[in-house]
Every structure is written in C-alpha cells, then in structure tokens.
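Since the structure comes first, as structure tokens, the remarks are kept for the end.
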Amino acid sequence: MRNKTLWLAMASVIGLSACQQEQSSNTANTEKAAAMTMTIEQVNQLPEAEKQAYALGENMGKYVENQVQQYAQLGLSFSAEQVKRGFLAAIEGNALLTDEEATQLLQALQASAQQAQTEMAAAEGQKNLEAGLAYLEENKKREGVMVTESGIQYEVLTEGEGEKPAAEDTVKVHYHGTLIDGTVFDSSYDRGEPATFPLNRVIKGWTEGVQLMNVGSKYRFHIPSELAYGSRATGKITPNSTLVFDVELLSIESK
C-alpha cells in the first residue's frame with residue numbers, strides 16, 4: 001500500500017511538472033506571437049528598408065495562405081500551423097529536412113493535387129454535359145428555335161438583308177456569351193468594341209452558325225459543348241459547357 005501511495009505521489013508530481021512545462025511553452029509561444037504582431041502605426045514608423053522587409057514578409061505570407069486555400073479546395077487539407085512551423089524553422093536557419101526530403105514531399109503533394117484536379121474536372125465535366133443535354137432538349141421545344149444537323153440551336157432576333165459570309169471570310173461582330181445559368185463569360189457589348197476575326201479560326205459552333213446569318217442580322221445560338229470548347233476549360237467556361245451567344249453580324253471585312 002505504501003509503495004502504491006508513493007507511486008501515486010510521484011505520478012502527481014510528474015503530471016504537474018508536465019502540465020507546467022506545457023503551460024510555460026504555450027505562454028512562450030503566445031508571447032512570441034504577440035511580440036511579432038505589429039500595428040500599422042508601428043509599421044509606418046519603421047525605417048524604409050525595414051518597411052520593405054515587412055512588406056516582403058506579408059507578400060510571402062499571402063502567397064503561402066493562398067496555396068493552403070487552393071489545396072484545401074482540392075480536399076487536401078492540412079494544418080496551417082505546420083506550414084508556419086516549417087517556414088519559421090527555415091527562415092531562422094533551423095530547417096529539419098534535407099533538400100532531397102523536402103523535394104520528395106512536395107512532389108508527392110503536387111502529384112496528389114494534380115490527381116484531385118483531374119478527378120474534380122472529370123466530375124464537373126460530366127455534370128456540365130448532363131446539364132447541357134437537358135437544357136438543349138428542353139430549349140428546342142420553344143417556338144422559334146431551329147436546329148441544324150450538327151445540333152446547333154438558333155433563334156432569329158433580327159433578320160438582316162446583307163450577304164452571308166463564308167467560312168474563309170473575316171467578319172466584324174458584336175456578341176454576348178453566357179453559360180446556360182446566365183453567367184457572362186465574354187461580351188464585346190460590355191467592352192464597347194466589336195470583334196473582328198477570320199470565321200474559320202473560332203469554335204465550330206461559330207464557324208457554322210455565323211454562316212447562316214446575313215449582314216445586319218442578330219441571332220441567338222445555343223451551342224453544344226462538342227461544338228464549343230469540349231472538355232477544355234477557359235476562364236469561366238468549365239469542361240463540357242453548353243454556351244449561349246447573342247451574335248450581331250455587322251459586316252464582312254474581307255473575303
């Protein structure tokens with residue numbers, strides 16, 4: 001019984017000591033963090049070279065934070081605290097990993113990120129494809145919607161009386177492009193300046209669709225993804241997106 005009592009007493013002392021050490025460590029970390037925190041007034045009072053150094057640190061921190069958020073969006077969540085520890089260890093000359101070890105770990109992280117991006121793009125592309133097919137199926141039932149053999153759906157908003165362009169012609173147009181949910185991804189109207197381009201240098205849906213128009217016409221095109229950007233993503237256009245364009249054919253610039 002005496003030995004058991006002694007053991008319990010020793011365990012209590014050890015536990016109290018460990019607790020005090022942890023509290024001391026936490027206090028030290030808090031004090032260190034507080035010492036590194038500055039107000040904008042304090043920053044502005046620094047010599048110019050020190051302000052530049054502070055700006056460099058903030059810039060690096062924002063970059064790292066952006067990286068962490070991007071990985072998190074891919075489902076690769078990890079502790080931002082470990083990122084801070086690694087950064088501070090390196091900048092204070094106390095790096096624990098060799099260059100080879102760090103490179104291997106970062107290559108593995110990049111591989112995981114690329115795999116996650118591929119899987120997310122595939123899932124998003126399939127979702128867009130199904131949504132686009134459903135949209136086109138319903139849209140073609142509307143009065144005034146015509147369908148070409150290739151699957152382009154179009155509506156005549158204004159019928160012009162000029163000539164029609166050929167695929168090799170260069171045309172000047174005004175246009176407004178959206179996704180099927182109404183998201184605007186490009187608009188010459190918004191820029192206040194029409195666009196000029198060879199008709200055979202654009203997406204297939206445009207090459208075919210604009211040839212249906214007389215100069216002075218304005219059409220609305222509903223273009224299936226395979227006649228637009230397909231599985232590619234560009235800007236706000238995600239893989240397998242069905243696109244909607246209002247196109248006004250202003251002139252044929254050259255033949």
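Within the 4.5 Å cutoff, no side-chain heavy atoms of Glu226 are placed close to those of Asn240. Side-chain contact between Val210 and Leu249 is present, with heavy atoms from C-beta onward closer than 4.5 Å. Val173 places none of its side-chain heavy atoms less than 4.5 Å from the side chain of Glu248. Taking 4.5 Å as the limit, some side-chain heavy atom of Leu243 sits within range of a side-chain heavy atom of Leu179. With contacts defined as side-chain heavy-atom distances shorter than 4.5 Å, the pair Glu163/Asn214 does not qualify. Counting only heavy atoms from C-beta outward, the side chains of Arg142 and Glu155 approach each other to under 4.5 Å.
Taking Ser251 as the reference, Glu253 meet the side chain to side chain donor-acceptor pair (under 3.5 Å) condition, with sequence neighbours excluded. The ring-ring contact (aromatic ring centres under 6.0 Å, His included) search around Tyr219 returns Tyr154, Phe221, not counting sequence neighbours. Applying the side chain to side chain contact (heavy atoms under 4.5 Å, CB included) rule to Gln153 yields the partners Leu136, Asn139, Lys140, Val145, Val147, His222; only residues at least two apart in sequence or on another chain are considered. Residues meeting the salt bridge (charged side-chain N to carboxylate O under 4.0 Å, His left out) test with Glu138, sequence neighbours left out: Lys141. The side chain to side chain contact (heavy atoms under 4.5 Å, CB included) search around Arg85 returns Glu81, Gln82, not counting sequence neighbours. His174 is linked by a ring-ring contact (aromatic ring centres under 6.0 Å, His included) to Tyr189, counting only residues two or more places apart in sequence or in another chain.
Taking every heavy atom of both residues into account, Thr207 and Ala167 meet most closely at CG2-CB, 4.1 Å. A pairwise comparison of heavy atoms in Gly160 and Ser217 identifies N-OG, 2.7 Å as the closest pair. Closest heavy-atom contact between Lys218 and Asp246: CE-CB, 4.3 Å. Considering all non-hydrogen atoms of both residues, Ser150 and Leu227 come closest at OG-CD1, 3.6 Å.
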### Message
Checking Thr103 against Gln107 for the side chain to side chain contact (heavy atoms under 4.5 Å, CB included) test, could you report, in this order, the C-alpha distance in whole Å, the side-chain angles of both residues, the deciding distance, and whether it holds?
### Response
CA-CA 6 Å; Thr103 298; Gln107 286 176 342; 3.6 Å; yes
### Message
Run the side chain to side chain contact (heavy atoms under 4.5 Å, CB included) test on Val184 and Asp190 for me, step by step, so that the C-alpha distance in whole Å, both residues' side-chain angles and the decisive distance to 0.1 Å come before the verdict.
### Response
CA-CA 10 Å; Val184 178; Asp190 291 348; 4.2 Å; yes
### Task
Just do the side-chain hydrogen bond (donor to acceptor under 3.5 Å, both in side chains) check on Thr148 and Glu208 with the steps written out, would you?
CA-CA 9 Å; Thr148 68; Glu208 178 186 345; 3.1 Å; yes
### Message
I'd like to know whether Val244 forms a side chain to side chain contact (heavy atoms under 4.5 Å, CB included) with Ile223, so could you lay out the CA-CA distance, the side-chain angles of the two residues, the decisive distance to 0.1 Å, and finally the verdict.
### Response
CA-CA 6 Å; Val244 181; Ile223 302 178; over 6 Å; no
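The hydrophobic clustering, which links ILVMFWY residues whose side-chain heavy atoms are closer than 4.5 Å, places Leu105 and Leu96 apart. Leu97 and Leu109 are not part of a single hydrophobic cluster, where members link through side-chain heavy atoms under 4.5 Å apart. Side-chain heavy atoms closer than 4.5 Å link hydrophobic residues (I, L, V, M, F, W, Y) into clusters, and following such links, possibly through other members, connects Val247 to Leu212.
Between atom CD of residue Glu159 and atom CG of residue Leu157 there is a gap of 10.5 Å, rounded to the nearest 0.5 Å. Once rounded to the nearest 0.5 Å, the distance linking OG1 of Thr183 with CD1 of Ile180 reads 10.0 Å. Distance check: Thr234 OG1 to Tyr229 OH gives 6.0 Å after rounding to the nearest 0.5 Å.
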Ignoring hydrogens and angles, write down the donor-acceptor pairs under 3.5 Å from the side chains of residues 124-132, residues two or more places apart or on other chains.
unit_1	atom_1	unit_2	atom_2	d
Gln126	NE2	Glu130	OE2	2.9
Asn128	ND2	Glu124	O	3.4
Asn128	ND2	Thr238	OG1	2.8
Asn128	ND2	Pro239	O	2.7

Donor-acceptor list for residues 59-66 side chains, cut-off 3.5 Å, not counting sequence neighbours:
unit_1	atom_1	unit_2	atom_2	d
Glu65	OE2	Gln69	NE2	3.0

Show which side-chain atoms of residues 115-122 pair as donor or acceptor with protein atoms under 3.5 Å away, not counting sequence neighbours.
unit_1	atom_1	unit_2	atom_2	d
Gln115	NE2	Glu119	OE2	2.8
Thr118	OG1	Gln114	O	2.9

Under 3.5 Å donor-acceptor pairs involving side-chain atoms of residues 42-51, not counting sequence neighbours:
unit_1	atom_1	unit_2	atom_2	d
Gln42	OE1	Thr39	N	2.9
Gln42	OE1	Thr39	OG1	3.4
Asn44	ND2	Ile40	O	3.2

When the side chains of residues 195-205 are checked against the rest of the protein, which donor-acceptor pairs come out under 3.5 Å, sequence neighbours left out?
none

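Proximity of a side-chain donor or acceptor of Thr98 to a complementary backbone N or O of Glu101 within less than 3.5 Å is detected. Under the 3.5 Å distance criterion, the side-chain polar atoms of Asp169 are left unmatched by any main-chain donor or acceptor of Val171. Judged by distance alone, the side chain of Ser188 and the main-chain N or O of Tyr175 form a donor-acceptor pair under 3.5 Å.
Other residues, nucleotides and ligands contribute over 12 non-hydrogen atoms within 6.0 Å of the NZ atom of Lys164. For Leu106, the CG atom counts as densely surrounded, since its 6.0 Å shell holds more than 12 non-hydrogen atoms of other residues, nucleotides or ligands.
Ion pairing between Asp186 and Lys236 fails under the 4.0 Å rule for side-chain N and carboxylate O.
Sequence neighbours left out, the pairs with a member in residues 232-255 that pass ring-ring contact (aromatic ring centres under 6.0 Å, His included) are Phe185-Phe245, Trp206-Phe245.
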